[in-house]
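Let me begin by presenting the structure, written as structure tokens, before commenting on it.
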Amino acid sequence: MNGQLSEFGAILIVILVGFLPNEVWRVLGVALGRGLDDDSLLMRWIRAVATALLAAVVAHLVLVPSGALVALPLWLRLAAVGSGIAGFLVGRRSVLAGVLTAEAVLVAGAWWLGIGA
């Protein structure tokens, strides 16, 4: 019984500390964002900044990798990015298709090179 109580307490802590604070901001964003025009100058600027930040994160992962990516050569990481972009475009601008394509290239390349075996 004591083990079940502590497990319930852990789940409750995760919900209270992890989920609810994030959910408040999501609900607030939806409530405040209803009246915004998608083509306004502010929204175009926000999209541009978000895109630039994402590009910077991807460039950092490719050019200055950490963790398991360090073992993969630069040409393979660049090939994965290129194939991910191609998968995105072929998949009718599907982010899932791009991510899965890039991941498949990384895994196949690591397997082919015998890295991580």
Side-chain angles (χ1 to χ4, degrees):
M1 178 70 180
N2 191 18
Q4 289 177 339
L5 185 60
S6 64
E7 184 177 330
F8 176 74
I11 292 171
L12 188 61
I13 288 173
V14 167
I15 290 172
L16 290 175
V17 176
F19 173 73
L20 287 179
N22 289 317
E23 199 60 27
V24 167
W25 292 110
R26 288 180 185 194
V27 170
L28 206 63
V30 168
L32 294 176
R34 285 188 180 174
L36 291 177
D37 179 22
D38 287 343
D39 285 333
S40 70
L41 185 60
L42 175 65
M43 290 306 292
R44 286 188 287 167
W45 181 81
I46 289 171
R47 271 193 303 273
V49 169
T51 303
L53 285 171
L54 180 61
V57 168
V58 170
H60 190 267
L61 285 171
V62 170
L63 300 175
V64 190
S66 61
L69 286 176
V70 170
L72 300 176
L74 177 62
W75 65 264
L76 180 57
R77 296 189 306 262
L78 291 172
V81 170
S83 66
I85 292 170
F88 171 77
L89 295 173
V90 169
R92 297 184 183 141
R93 300 180 57 94
S94 167
V95 174
L96 180 62
V99 170
L100 291 178
T101 304
E103 189 68 27
V105 168
L106 280 177
V107 170
W111 176 79
W112 184 66
L113 294 171
I115 298 172

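Atom OG of Ser6 is separated from atom CG of Leu12 by 12.5 Å, given to the nearest 0.5 angstrom. Residue Leu32 holds its CG atom at 4.5 Å from CG of Leu28, rounded to the nearest 0.5 Å.
Two residues are said to be in side-chain contact when any heavy atoms from C-beta on lie closer than 4.5 Å; Met43 and Asp37 fail this criterion.
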In residues 74-83, what donor-acceptor pairs under 3.5 Å come from side-chain atoms, sequence neighbours left out?
unit_1, atom_1, unit_2, atom_2, d
Arg77, NE, Val62, O, 2.7
Arg77, NH1, Leu69, O, 3.4
Arg77, NH1, Leu72, O, 2.4
Arg77, NH2, Val62, O, 3.1
Ser83, OG, Ala79, O, 3.1
Ser83, OG, Ala80, O, 3.0

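At a threshold of 4.5 Å between side-chain heavy atoms, the hydrophobic network of Ile, Leu, Val, Met, Phe, Trp and Tyr places Leu42 and Val49 in one connected group. In the hydrophobic clustering of ILVMFWY residues, with side-chain heavy atoms under 4.5 Å counting as a link, Trp112 and Ile115 come out together. Linking Ile, Leu, Val, Met, Phe, Trp and Tyr whenever their side-chain heavy atoms come within less than 4.5 Å puts Val99 and Val58 in one cluster. The hydrophobic clustering, which links ILVMFWY residues whose side-chain heavy atoms are closer than 4.5 Å, places Leu61 and Val70 apart. Note: the hydrophobic cluster containing Leu113 does not contain Val107 (ILVMFWY, side chain heavy atoms under 4.5 Å, direct or indirect links).
Nearest heavy-atom pair, Leu16 versus Leu20, reported as atom, atom and distance to 0.1 Å: CD2-CD1, 3.7 Å. Shortest non-hydrogen contact noted between Gly87 and Ala97 is O-CB, 3.6 Å.
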- prompt: For Leu41 and Arg44, what are the C-alpha separation, side-chain angles and deciding distance, and is it a side chain to side chain contact (heavy atoms under 4.5 Å, CB included)?
  reply: CA-CA 5 Å; Leu41 185 60; Arg44 286 188 287 167; 3.9 Å; yes

task: Could you go through the side chain to side chain contact (heavy atoms under 4.5 Å, CB included) check for Phe88 and Val95 one step at a time?
output: CA-CA 6 Å; Phe88 171 77; Val95 174; 4.1 Å; yes

